[in-house]
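Lettering of chains follows the sequences in order, A, B, ..., and the numbering in each one begins at 1.
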Number of protein chains: 2
Amino acid sequence: MAVTLADVAARAGVSSATVSRVLNGNYPVAGSTRERVQRAVAELDYVVNGQARALAAATSDLVGVLVNDVADPFFGLIASALQAEVGVGAAEPGGKLTVVCNTGGSPEAELTYLTLLERQRAAGVVLTGGAVDSPAHSTAVLARLARLAASGTRIVLCGRPALTLPGESAPLTTLAFDNHGGARRLTEHLLSLGHRRIGYVTGPPERSTTGHRLAGHRAALAGHGMGPGTDAGADADQLIVHGGYDRNAGFDATLELLRRDVGVTAIVAANDTVALGVCAALRDRGLSVPGDVSVAGFDDLPFSADASPALTTVRIPLQEAGARAGRLVMGRTAPPPGGVATIATELMVRGSTAPPATRRS
Amino acid sequence: MAVTLADVAARAGVSSATVSRVLNGNYPVAGSTRERVQRAVAELDYVVNGQARALAAATSDLVGVLVNDVADPFFGLIASALQAEVGVGAAEPGGKLTVVCNTGGSPEAELTYLTLLERQRAAGVVLTGGAVDSPAHSTAVLARLARLAASGTRIVLCGRPALTLPGESAPLTTLAFDNHGGARRLTEHLLSLGHRRIGYVTGPPERSTTGHRLAGHRAALAGHGMGPGTDAGADADQLIVHGGYDRNAGFDATLELLRRDVGVTAIVAANDTVALGVCAALRDRGLSVPGDVSVAGFDDLPFSADASPALTTVRIPLQEAGARAGRLVMGRTAPPPGGVATIATELMVRGSTAPPATRRS
DNA sequence: CTGTTAGCGCATTCAG
DNA sequence: CTGAATGCGCTAACAG
């Protein structure tokens, strides 16, 4: 079958131990023998067996990254930057392979993939995207992570709320996105434009990201005396529609919002993808953006700047975060003090938001 | 350290071979012992060591997929569909982990990753996207693929020209995209609208996809008596600008096209991403789409339908192709007869193309 | 049906 | 500096 260390050793007239040594360059080897071995390696087109090496050395060449779906640019950008940092190109040798796992947002899939990665004794695991806010699931995930951590696997959370392993004092290394602050500033922007009836199309209710963004939105409203319990906040629930994170969710939610006839002059979407759906629905109903209704998204995905009108949104530096997560999981950079770093988000004001039309009729 | 097969065996009071058997379920085991073993496994939270298993059984749980960049939706969609088919969710057990490798279009990176995957004795490898048209590189890739194939790794090409291993009669399993036909129909569409001066912003000249699409474009022109050597084709080169596959390339190329002042009434872009850049540049110059200039893309990425005007483009069923590639690399479906299947592309006429403005001044 | 015995291919002691 | 010996954790014959 494939050529092995022993074959190379025979060819070079040395012991397999010596071949191993020149391959790994960890031990002193005479220049002449080294050369002889390297020639044999080249002549035989020898390629080490990673599995055998991993077994013997108790190491791994794999880094896992759990995403909802790589096809979603939000995750694609993170995964891409991460892979670039973890993979071969990354200056230093010892590049690792990136295993991308699409969980589709399913808690079971998440657990299954964590087990699979444990099976492979992955060198590191990065969990991205909002967590599913369920005690049962959190416990299960935490248990898996604890075992991974115990076996030496580096763990990094990216875009997830910090998590602390049972028995630990500091939380796991975490890059948290400032969803709350970004959402707050976004809604404040709309308020400052003069909007008072702001619709909100949220993401899946069970995801932590949804909760944080919604909380930021509410904080902004409360800051302007429009909190619950106030006159202005009386029918706040009517202004909120729950949906998914895809375009259709935005489309449908918008139709629902219009059906409720609550007089929205602006709509904030769970993310940019949803925002596109919102815009499409508005156009479909003959409403112009931002003439009749302002629209805002979240994430600042690449297509947002090219939409027309260009989307007002909140920028998350996904590539930077992904790259940093990659460096962290490779142990090439030190974890932030206290374990968790909050990644700042930035309000991007573009053409899709404007002052509300002056009251008429 | 971690709990091993032997630990489980001791705990269950059986031999490690028996534990292995119930784990793999390949051999008959008495119900009672099976149960005892399973209990021990659960109590000890045992997780098999994939590397040891792979070494002993000469199998692998990894499938590699080479892409230019997962962050590019073109590749993200393929990778996502592929992963879904290869991974855990996929009905049958034995789901494998997907290793995503961003080559960034670099031939060296491509070779390096192929070697890394060989090292891991990957069960399969999928190469996506256009190939780099260089004899030297093709030879090198072919050599790597030959060795992979020889060691039992399944190989699938997706969106790449078919390739035949030296000494083989049939080409490797390939899902080729009908770039030529799609491009031809797209240009014919523009011609039928009345356009005669059609600019073309191509992709990187060394990529096979670029060549095929450009050839389709030229075929359409030739079919309308506008081939090279004809009057209409006299300055054909002036209508073509080479660029990259990103948005900026489209932007810059369009400015160049306008600078040449060759009177284009329509511009065909290398792909949808480039087309967005083209639109942006036109708008930047005060030209309307499609009023002043029609624009068309290629690929039909998700954002294309949401651009405004919505982009006329050529649809490639990327997810279907990715899923099929996944099934092929898993050996769950038979290769197409002759090894290569050509995936049909479909012209999607939308708002960004219209008849040229009537001649004026 | 189940235990015993060998390796899988490599890294790593321990001698020399 | 180099070779011989041992074991990583598991599967796969081979006997019972």
In Å and rounded to the nearest 0.5 Å, what is the OG1 to CG distance from A/Thr112 to A/Leu66? 10.0 Å
For [X] and [N], what is the distance between atoms [atom1] and [atom2] respectively, to the nearest whole Å?
X	N	atom1	atom2	value
B/Arg53	D/dC8	CZ	C1'	16 Å
B/Glu35	C/dC1	CD	P	15 Å
B/Leu44	D/dG9	CG	P	14 Å
B/Leu5	C/dT2	CG	C1'	15 Å
B/Tyr27	D/dC10	OH	P	17 Å
A/Arg121	D/dG9	CZ	C1'	9 Å
A/Asp7	C/dG9	CG	C1'	10 Å
A/Asn49	D/dC8	CG	C1'	13 Å

Taking for each residue the nucleotide of DNA chain C bearing the nearest heavy atom, is the 5' side occupied by B/Ala56 or by B/Pro28? B/Pro28
Name the residue closer to the 5' end of DNA chain C, choosing between A/Leu23 and B/Ser15 according to the nucleotide with the nearest heavy atom. B/Ser15
Let's see if you can work this out: which of D/dC10, C/dG9, D/dT2 has an atom nearest to the side-chain heavy atoms of B/Thr4? D/dC10
Between C/dT13, C/dG3, D/dT11, which nucleotide gets closest to the side-chain atoms of B/Arg21? C/dG3
Does the pair [X]/[Y] count as a salt bridge with the N-to-O cut at 4.0 Å?
X	Y	result
B/Arg144	B/Glu118	no
B/Arg327	B/Glu320	no
B/Arg36	B/Glu43	no

Hey, does B/Val14 reach any base, or is it just sugar-phosphate, or nothing, if we go heavy atoms under 4.0 Å? sugar-phosphate
Is B/Leu55 touching bases, backbone alone, or none of the nucleic acid, heavy atoms closer than 4.0 Å? base
It should be established whether [X] places a side-chain nitrogen or oxygen under 4.0 Å from OP1 or OP2 of nucleotide [N].
X	N	answer
B/Asn26	D/dT11	no
A/Thr33	D/dT2	yes
B/Thr18	C/dG3	yes
B/Ser20	D/dT11	yes

Donor-acceptor pair between B/Asp69 and A/Ser80 side chains, under 3.5 angstrom: yes
DNA chain D: 5'-proximal contact among B/Ala17 and B/Gln51 (nearest heavy atom): B/Gln51
